[in-house]
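Numbers restart at 1 for each chain; the letters A, B, ... are given by sequence-line order, proteins then strands.
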Amino acid sequence: MGLYFYNSLTRQSEPFRAIEDSEVGMYTCGPTVYDFAHIGNLRAYVFEDLLRRTLKYRGYGIRQVMNLTDVDDKTICNSMQAGTSLRDFTQQYKDAFFQDLDTLNIERAEVYPEATEHVSQMIELVETLVEKGYAYATDDGCVYFSIAQYQEYGKLSGVDTSELQHGARVKHDEYAKESVADFALWKAWEKSDGDVWWNSPWGPGRPGWHVECSAMSMEYLGKTFDIHTGGMDNVFPHHEDEIAQSEAANECRFVNYWLHCSHLIVEGKKMSKSLGNFYTLRDLLAAGYSGREVRWVLMGTHYRQQLNFTFQGLQDARSALQRIDDFVLRLQENAAEEVAMTDEVKAEIERAEQAFCSALEDDLNISRAIGVLFDLVREMNRIMDNAEIGQAVRKRTLDTLRTFDKVLGCLHIDGEQQIPQEVQRLVEERQEARKNKDFQTADSIRDQMAAQGWIVEDTPSGPRVKPQ
RNA sequence: GGCGCGGUAGCCAAGCGGUAAGGCAGGGGUCUGCAAAACCUCGAAUCACCGGUUCGAAUCCGGUCCGCGCCUCCA
């Protein structure tokens, strides 16, 4: 059927057509590095990783750009409170961010531009907008984008600028804006900014938030590119403003497909520090969960669906992954003899591969894809229960799982688990005892192994050893 | 107030006009020295509720209730 995405811009599912198949340009809104990422942020990054991996799986080349916002109000404020330079302050969270990506097995983007390294490009963009009459400078040294000048403003979010609720969180008197909906492209230096400022044609100051993504996407992906993603909350104003800036300045389409990911709630409630249900990845690791368990949970719900993150869900993930691990282990056991692949097996595998792919093609329907995976696990287990299967089938099935894992990124197929000699010796001793019908000794050896973190299971073809 | 999303078994979650995938948990069974794993099997008589459209609706339309999001820098 081909790849389909739900495009926020048109509010419907559309077939994906890349500008160039060899390299899909993708801009994914990245972290503001003033704190550790929380699981809500990470859900978005996992979603973007799934998107990236699915595109690759379908044969596209990728050029993904993810910005690191290392200057904004909060970042400046927090760094001053911490008494460190903006650079040192953000560096620790940049490092933490990449650690989190690794823990969740999120593939690296091709480029991670930092806002503070691209201020000159942002200034250029603002200058262009001023020249073209889309932006105006005020007496206090700020520059604003004039919504009134840009006819199509609101086309992404559907907001009617004339009906924007005034005053909710804006201090009217703070800025000399022509219209409340106008947004800052350049913010004049204030005392609270400390030593954080850059020179500009409008005096010292720093770029507005929205302009960074327009300038950096243009720098690394060109004026028009394929996909732009982010959280639902970015639709307005952030992405709306990006469209306005970019299309006004470049006089061409900015982005072809906008994909937005829904938020998550925790144990049925909105995640918030005051409710005590606010978690970073570190919190979950400290509680004994692994990165892949967290990845499984964050990935398992369709990205446009609100995800209910629960500790029960993490437990469930552990069990589900264990089921797959056991299946992989079973496939990896040496088959005594070569048994040809039957048509039944071949058909089963091909059907699974086909169904897995078409599920993902349908706007990344991961839940359906995972269902296909488990269908395959059950069918192949059934086949193995009923007949001896040979190496060819095992290899073919493992290859299929490897292919699935290119997208899922959390199956353990080729990680070699070395069984310590000591444990191996216990297994042999236990086998000896079992042969002599000395089950008391056999069971006590099993307990001994368990104490060392190893499980032994008896199968028709001999003992199977796996870590606890 | 404006705009938008969602409510499916004990829990998580697909399905979005043709009679309810999958995972976890639970009951029963097969296998096993015992286990474990695996397989088989049982389980939704309100798919939030009320109307409507249709031969047929969890799926479409209208209303109600509940949860959630955005409305100036929050994924």
Does the ring of A:Phe439 lie flat against the base of B:rG33, closer than 5.5 Å centre to centre with planes under 30°?
yes
For B:rU19 and B:rG56, measure between their P atoms and round to the nearest Å.
16 Å
Within the 4.0 Å heavy-atom criterion, would you say A:Gly313 contacts the bases, only the backbone, or no part of the nucleic acid?
nothing
With sugar-phosphate meaning primed atoms plus P, OP1 and OP2, does A:Asn41 contact a base, only sugar-phosphate, or nothing at under 4.0 Å between heavy atoms?
base
Comparing nearest nucleotides in RNA chain B, the 5'-proximal residue of the pair A:His210, A:Tyr6 is A:Tyr6
Pick base, sugar-phosphate or nothing for A:Asn365, based on heavy-atom distances below 4.0 Å to the nucleic acid.
sugar-phosphate
Please classify the nucleic acid contact of A:Arg434 as base, sugar-phosphate, or nothing, using heavy-atom distances under 4.0 Å.
base
Quantified in whole Å, what is the C1' atom distance between nucleotide B:rC42 and nucleotide B:rG10?
15 Å
NA contact type, A:His38, heavy-atom cut-off 4.0 Å: base, sugar-phosphate, or nothing?
base
Taking B:rG15 as the reference, what is the distance to B:rG28 when you measure between their P atoms (whole Å, please)?
34 Å
At less than 3.5 Å, do the side-chain atoms of A:Asp458 and the base atoms of B:rC34 form a donor-acceptor pair?
yes
Have a look at A:Asn381 and say if it touches a base, only the backbone sugar-phosphate, or nothing, with a 4.0 Å heavy-atom cut-off.
sugar-phosphate
Rounding to the closest angstrom, what is the interatomic distance between B:rA58 and B:rA9 at atom P?
14 Å
Just call it for A:His238: base, sugar-phosphate, or nothing, with non-hydrogen atoms closer than 4.0 Å on any strand.
nothing
Pairwise C1' distance for B:rA20 and B:rU8, with rounding to whole Å:
8 Å
Looking at A:Asp385 and A:Arg330, is any side-chain nitrogen of the basic one under 4.0 Å from a carboxylate oxygen of the acidic one?
yes
For the residue pair A:Phe356 and A:Phe404, categorise the inter-ring angle as parallel (less than 30°), tilted (30 to 60°) or perpendicular (more than 60°).
parallel
How would you label the contact of A:Ile455 with the nucleic acid (heavy atoms, under 4.0 Å): base, sugar-phosphate, or nothing?
nothing
Say you pick atom C1' in B:rC12 and the same atom in B:rC49; how far apart are they, in whole Å?
24 Å
With a 4.0 Å cut-off, would you call A:Arg206 and A:Asp72 a salt bridge?
no
Indicate, with a heavy-atom threshold strictly under 4.0 Å, whether A:Arg430 touches base, sugar-phosphate, or nothing.
base
Applying a 4.0 Å non-hydrogen cut-off, can you work out what A:Gln315 is touching in the nucleic acid: base, sugar-phosphate, or nothing?
nothing
Closest approach to the side chain of A:Arg378, judged atom by atom: which nucleotide of B:rC39, B:rC68, B:rA21 is it?
B:rC39
At under 4.0 Å, does any side-chain N or O of A:Arg318 touch on OP1 or OP2 of B:rG23?
no
Please determine if a side-chain N or O atom of A:Lys74 lies less than 4.0 Å away from the OP1 or OP2 oxygen of B:rC74.
yes
Span that lies between the C1' atom of B:rC50 and that of B:rC55, in whole angstrom:
23 Å
Roughly how many Å apart are B:rG23 and B:rA14, using the P atom of each and rounding to a whole number?
15 Å
A:Val372 near the nucleic acid: base, sugar-phosphate alone, or nothing, with a heavy-atom cut-off under 4.0 Å?
nothing
Quick one: does A:Arg446 reach the base of B:rA35 with a side-chain donor-acceptor pair under 3.5 Å?
yes
